[in-house]
Amino acid sequence: QPRLGKAEVERFFNAGSIPGFAFIVDEISDGSVACGFRWHVEIAGQLGPRGVTFYQLGADGLVTFVRDVPESTSKPPPLIGLALAWANLTGPLTSRRAALISAAACASEAVDTMP
């Protein structure tokens, strides 16, 4: 029996679950052969893990592929995460900038040495 829509998916995942445990579908995409959804878990009313799930159906309409991607439970401190993100963004820019500065310096030297 297919589960259609956010409410039915939540009911399916919460059927027979542990008391105080709730599986909440935050967002769902609908498709004829595949769908994905973002979810989070609440345990005793407290926010728990979050994640993304992808389902793919075969020609017979049965699930043929599932991929669950839960959020990492270990997170770097905010400043380290920010520093790493900055380094990832500026690393390629810094390399390009250095290359452009070097090329400009070489061009300037070439112009200065022209008769």
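This chain uses plain numbering: 1 for the first residue, then up along the sequence.
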From CD (Glu71) to CZ (Arg50), nearest 0.5 Å: 4.0 Å

Side-chain polar contacts of residues 60-68 - donor-acceptor pairs under 3.5 angstrom, sequence neighbours left out - could you list them?
unit_1 : atom_1 : unit_2 : atom_2 : d
Asp60  : OD1    : Leu62  : N      : 3.1
Thr64  : OG1    : Gln56  : O      : 3.2
Asp68  : OD1    : Thr53  : OG1    : 2.2

Hydrophobic clusters here meaning ILVMFWY residues chained together by side-chain heavy-atom distances under 4.5 Å, can you tell me if Phe23 and Val52 are in one? no

Joint cluster assignment, Ile24 & Trp39, ILVMFWY side-chain distance < 4.5 Å: no

Could you walk me through whether Phe54 and Phe37 satisfy the side-chain contact (heavy atoms from CB on, under 4.5 Å) test, starting with their C-alpha distance in whole Å, then the side-chain angles of each, then the deciding distance to 0.1 Å, before giving a yes or no? CA-CA 7 Å; Phe54 174 79; Phe37 55 94; over 6 Å; no

Least distance between heavy atoms, Ser29 atom then Cys35 atom: O-CB, 3.1 Å

Connecting only ILVMFWY residues whose side-chain heavy atoms lie within less than 4.5 Å of each other, what is the rest of Leu47's hydrophobic cluster? none

Salt bridge (charged side-chain N to carboxylate O under 4.0 Å, His left out) partners of Arg11, counting only residues at least two apart: none

Going by the salt bridge (charged side-chain N to carboxylate O under 4.0 Å, His left out) test, which pairs reach into residues 32-49, not counting sequence neighbours? Glu27-Arg38

Test of understanding: clusters of I, L, V, M, F, W, Y form through side-chain heavy atoms closer than 4.5 Å, transitively. Do Val25 and Phe21 belong to the same one? yes

